[in-house]
Peer 1: 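The structure that follows is given in the form of structure tokens.
Side-chain atoms are counted along with the backbone in the values below, which use heavy atoms only and exclude waters and symmetry mates. Everything numeric in this text was worked out from a predicted model, so none of it was measured. The first residue of the sequence shown is numbered 1, and numbering continues consecutively from there.
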Amino acid sequence: MAETTSTQTPLDLVTIPPSGYAAYWLSVKRMLDQKRGSEALAEELQHVTEPYTRLLLQAATSSTEDDTVRRMARNKSLTLTRDFRRKLRLIRQAACAMATGENPAKALITLSGGFGMPVLDESKAMEQAQGLIETMRAGDLDAAVFPDVSHATRPEELILKLLFFILWARRQGRTGLQTFLPGMSFPYLADAARLCIDGLDEPFIRRRLDAQARELMIEASHKMNLGLEMALALKNKRPFEEVLSMARSFLLDM
């Protein structure tokens, strides 16, 4: 397994491959072996924003019992995967609305209802989305940057931009979404847009995206378990070869 040369790489537990996440933890182990233990981990924490990995890094420097660390990790995992699922569902709902040409006002009610309590004012959101349409038509929005939303995007921003795409597809046709593909760095969103652009029917799009979301969540949970075991190995000061063997046990190709 190739190791990363820097631990200062943004982490995303939905999109990073398991080998990449394992390599991250191996690079942290190397850093600990070469530097100053807890001080090195404190330095690493300054560069990591992903909440699950931050929790594990903090646990690795603590005197917390392993069983307690496992409970904390399980709680954080459940919280994050619930949020991931909810946001993936919103993207799928938006794709289905684009595929059927659903009334945007109706689609907005469905999207905003995905969070239980409203996270934005629906009438203001519609006005903002329509304003963004005009701004985009005037050439004052960068189509290569504006669509960059994902499961990590704040709920209100995600809903607003998904509503924008629904409005755009309704007015410009599904193929009009092609404009935004270069700016869709989140693969699930890009796949949803491509399914619409290709003219596939709504039931197929729904099934395809539901299946993909399930696999993404299974994979994310797998990576969280990998990270937990690696963090505990670091916490208990296991030798590098043992940490490497732990990483390999989570991977298909090693």
Peer 1: With distance as the sole test, does Tyr52 use its side chain to make a donor-acceptor pair with the main-chain N or O of Leu80 at under 3.5 Å?
Peer 2: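 No; judged by distance alone, with no hydrogens or angles, the pair does not exist.
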Peer 1: Can you see whether Tyr21 engages Thr53 through a side-chain donor-acceptor pair at a distance of less than 3.5 angstrom?
Peer 2: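 Yes, side-chain donor-acceptor contact under 3.5 Å.
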Peer 1: Nearest 0.5 Å, what's the CG-CG distance between Leu160 and Leu132?
Peer 2: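 Output value for this atom pair is 5.5 Å.
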Peer 1: Parallel, tilted or perpendicular: which fits the ring planes of His151 and Phe186, with parallel below 30° and perpendicular above 60°?
Peer 2: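 The arrangement is tilted - the two ring planes meet at 30° to 60°.
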Peer 1: Answer yes or no: is there a side-chain heavy-atom contact under 4.5 Å between Phe164 and Phe180?
Peer 2: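 In contact.
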Peer 1: Report yes or no: does Ser77 contribute a side-chain atom to a donor-acceptor pair with the main-chain N or O of Ala73 at less than 3.5 Å?
Peer 2: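 Flag not set: sc Ser77 to bb Ala73 has no pair under 3.5 Å.
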Peer 1: For the pair Ser221 and Ile218, evaluate side-chain contact (heavy atoms from CB on, under 4.5 Å) and give the outcome as yes or no after the intermediate values.
Peer 2: CA-CA 5 Å; Ser221 294; Ile218 291 171; 5.9 Å; no
Peer 1: What's the shortest heavy-atom distance between Leu189 and Pro147, and which atoms?
Peer 2: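 Shortest heavy-atom separation between Leu189 and Pro147 comes out as CD2-O, 3.6 Å.
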Peer 1: Shared ILVMFWY cluster between Trp25 and Phe240, side chains joined below 4.5 angstrom?
Peer 2: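 As far as the 4.5 Å side-chain criterion goes, Phe240 and Trp25 are connected within one cluster.
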Peer 1: How many angstroms lie between CD in Glu229 and CG in Leu234, if you round to the nearest 0.5 Å?
Peer 2: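 Going from the CD atom of Glu229 to the CG atom of Leu234 covers 12.0 Å.
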Peer 1: So which atom in Ile166 and which in Met98 form the shortest heavy-atom distance, rounded to 0.1 Å?
Peer 2: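 Taking Ile166 first and Met98 second, the nearest heavy atoms are CA-CG, 3.7 Å.
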Peer 1: Between Asp83 and Arg86, does at least one N-O distance fall below 4.0 Å, as a salt bridge requires?
Peer 2: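 Salt bridge between Asp83 and Arg86, a charged N being under 4.0 Å from a carboxylate O: yes.
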Peer 1: Does Asp33 come within less than 4.0 Å of Arg30, counting only side-chain N to carboxylate O?
Peer 2: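 Looking at Arg30 together with Asp33, the answer is no, because their closest N to O distance does not fall below 4.0 Å.
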Peer 1: Can Glu50 and Arg54 be counted as an ion pair, charged N to O under 4.0 angstrom?
Peer 2: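 Looking at Glu50 and Arg54, the cut-off is not met.
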Peer 1: So, does Lys76 use its side chain to make a donor-acceptor pair with the main chain of Leu56 at under 3.5 Å?
Peer 2: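 Flag not set: sc Lys76 to bb Leu56 has no pair under 3.5 Å.
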Peer 1: Has Arg82 got more than 12 heavy atoms of other residues, nucleotides or ligands less than 6.0 Å from its CZ?
Peer 2: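 Counting other residues, nucleotides and ligands, CZ of Arg82 stays at 12 neighbours or fewer.
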Peer 1: Could you check whether Arg71 pairs with Glu65 (Lys NZ or Arg NE/NH1/NH2 to Asp/Glu carboxylate O, under 4.0 Å)?
Peer 2: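 A salt bridge is absent here (no side-chain N lies under 4.0 Å from a carboxylate O).
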Peer 1: Side chains of Lys235 and Ser62: closer than 4.5 Å at any heavy-atom pair?
Peer 2: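 Yes - at least one pair of side-chain heavy atoms lies under 4.5 Å apart.
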Peer 1: Under 4.0 Å between a side-chain nitrogen and a carboxylate oxygen: does that hold for Glu202 and Arg206?
Peer 2: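 Salt bridge flag = yes for Arg206 with Glu202.
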Peer 1: Report yes if the side chains of Leu195 and Phe204 come closer than 4.5 Å at any heavy-atom pair, otherwise no.
Peer 2: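 Sidechains of Phe204 and Leu195: in contact.
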Peer 1: When rounded to the nearest 0.5 angstrom, what is the spacing between CG in Leu41 and CD in Gln58?
Peer 2: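 Leu41 atom CG to Gln58 atom CD measures 10.5 Å (nearest 0.5 Å).
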Peer 1: Would you say that Leu177 contacts Gln172 through its side chain, given a criterion of any heavy-atom pair below 4.5 Å between the two side chains?
Peer 2: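 Leu177 vs Gln172: side chains apart.
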Peer 1: Between Asp140 and Thr135, is any side-chain donor less than 3.5 angstrom from a side-chain acceptor?
Peer 2: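 No, no side-chain donor-acceptor pair sits under 3.5 Å.
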Peer 1: Let me check something: do Ile91 and Ile109 share a hydrophobic cluster, defined by ILVMFWY side-chain heavy atoms less than 4.5 Å apart, either directly or through other members?
Peer 2: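 Different hydrophobic clusters.
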Peer 1: Just by modelled atom types, is the Arg238 backbone N or O under 3.5 Å from a matching donor or acceptor in the Asn236 side chain?
Peer 2: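 Side chain of Asn236 to backbone of Arg238: no pair is present.
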Peer 1: Could you check if a side-chain atom of Arg171 sits within less than 4.5 angstrom of a side-chain atom of Gln130, using non-hydrogen atoms only?
Peer 2: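 Sidechains of Gln130 and Arg171: in contact.
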Peer 1: Which atom names give the shortest non-hydrogen contact between Leu209 and Ala192, and what distance separates them?
Peer 2: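 Here Leu209 and Ala192 meet closest at CD1-CB, 3.8 Å.
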Peer 1: For the residue pair Leu90 and Gly114, what are the closest heavy atoms and their distance?
Peer 2: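 Taking Leu90 first and Gly114 second, the nearest heavy atoms are CD2-CA, 4.3 Å.
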Peer 1: Do Thr110 and Gln93 get their side chains close enough for a donor-acceptor pair, meaning under 3.5 Å?
Peer 2: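 Not at all, the side chains of Thr110 and Gln93 share no donor-acceptor pair under 3.5 Å.
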Peer 1: With the threshold set at 4.0 Å, does a side-chain nitrogen-carboxylate oxygen contact exist between Arg137 and Glu134?
Peer 2: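 Between Glu134 and Arg137 there is a salt bridge, with a charged N closer than 4.0 Å to a carboxylate O.
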Peer 1: Indicate yes or no for a side-chain donor-acceptor contact from Trp168 to the backbone of Ile133 under 3.5 Å, with no hydrogens or angles considered.
Peer 2: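 Not confirmed, Trp168 side chain does not pair with Ile133 backbone.
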Peer 1: Looking only at heavy atoms, what is the nearest atom pair of Leu200 and Ile205, with distance?
Peer 2: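 Smallest heavy-atom distance, with atoms named: O-CD1, 3.4 Å.
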Peer 1: Please walk me through it: do Glu127 and Lys124 pass salt bridge (charged side-chain N to carboxylate O under 4.0 Å, His left out)?
Peer 2: CA-CA 5 Å; Glu127 290 177 7; Lys124 289 183 179 178; over 6 Å; no
Peer 1: Would you indicate whether the side-chain heavy atoms of Met217 and Leu88 approach each other to under 4.5 Å?
Peer 2: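 Yes, at least one pair of side-chain atoms sits under 4.5 Å.
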Peer 1: Supply the atom-to-atom distance Lys161 NZ to Ser150 OG, rounded to the nearest 0.5 angstrom.
Peer 2: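 Going from NZ on Lys161 over to OG on Ser150, the span is 10.0 Å.
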Peer 1: Taking all heavy atoms of Ala152 and all of Lys87, pick out the closest pair and write down the distance.
Peer 2: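 Closest heavy-atom pair between Ala152 and Lys87: C-NZ, 4.1 Å.
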Peer 1: Go through the steps for Leu45 and Thr61 under the test side-chain contact (heavy atoms from CB on, under 4.5 Å), then give the verdict.
Peer 2: CA-CA 11 Å; Leu45 274 166; Thr61 63; 5.6 Å; no
Peer 1: When you measure from the side chain of Lys223 to the backbone of Ile16, do you find a donor-acceptor pair of N or O atoms at a distance under 3.5 Å?
Peer 2: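 Answer holds: yes.
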Peer 1: Can you tell which of Arg214, Arg207, Gln212 makes a side chain to side chain contact (heavy atoms under 4.5 Å, CB included) with Asp210?
Peer 2: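 Output: one option passes, namely Arg214.
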Peer 1: How is the hydrophobic cluster of Leu55 composed, in terms of its other members, when Ile, Leu, Val, Met, Phe, Trp and Tyr link through side-chain heavy atoms under 4.5 Å apart, directly or indirectly?
Peer 2: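 Its cluster mates, by chain and number, are Met72.
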Peer 1: Looking at Thr64, is its backbone amide N or carbonyl O close enough to the side chain of Thr68 to form a donor-acceptor pair, meaning the two atoms are under 3.5 Å apart?
Peer 2: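 Looks like no, no N/O pair under 3.5 Å.
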Peer 1: With clusters defined by side-chain heavy atoms of hydrophobic residues (ILVMFWY) lying less than 4.5 Å apart, directly or transitively, does Leu13 cluster with Leu251?
Peer 2: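 Yes, because Leu251 and Leu13 connect within a single hydrophobic cluster, where side-chain heavy atoms sit under 4.5 Å apart.
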Peer 1: Distance from Glu44 atom CD to Gln46 atom CD, nearest 0.5 Å?
Peer 2: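 One finds 9.5 Å between CD of Glu44 and CD of Gln46.
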Peer 1: How about Met230 and Leu26: do any of their side-chain heavy atoms sit closer than 4.5 Å?
Peer 2: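 Contact flag for Met230/Leu26 side chains = yes.
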Peer 1: Report yes or no: does Arg174 contribute a side-chain atom to a donor-acceptor pair with the main-chain N or O of Cys196 at less than 3.5 Å?
Peer 2: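 At least one qualifying donor-acceptor pair exists.
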Peer 1: Working to the nearest 0.5 Å, report the span between CG of Leu111 and CZ of Arg89.
Peer 2: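 One gets 10.5 Å once the value is rounded to the nearest 0.5 Å.
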Peer 1: Mind checking whether Phe165 and Met184 have side chains closer than 4.5 Å, heavy atoms only?
Peer 2: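 Heavy-atom side-chain distance check passes, below 4.5 Å.
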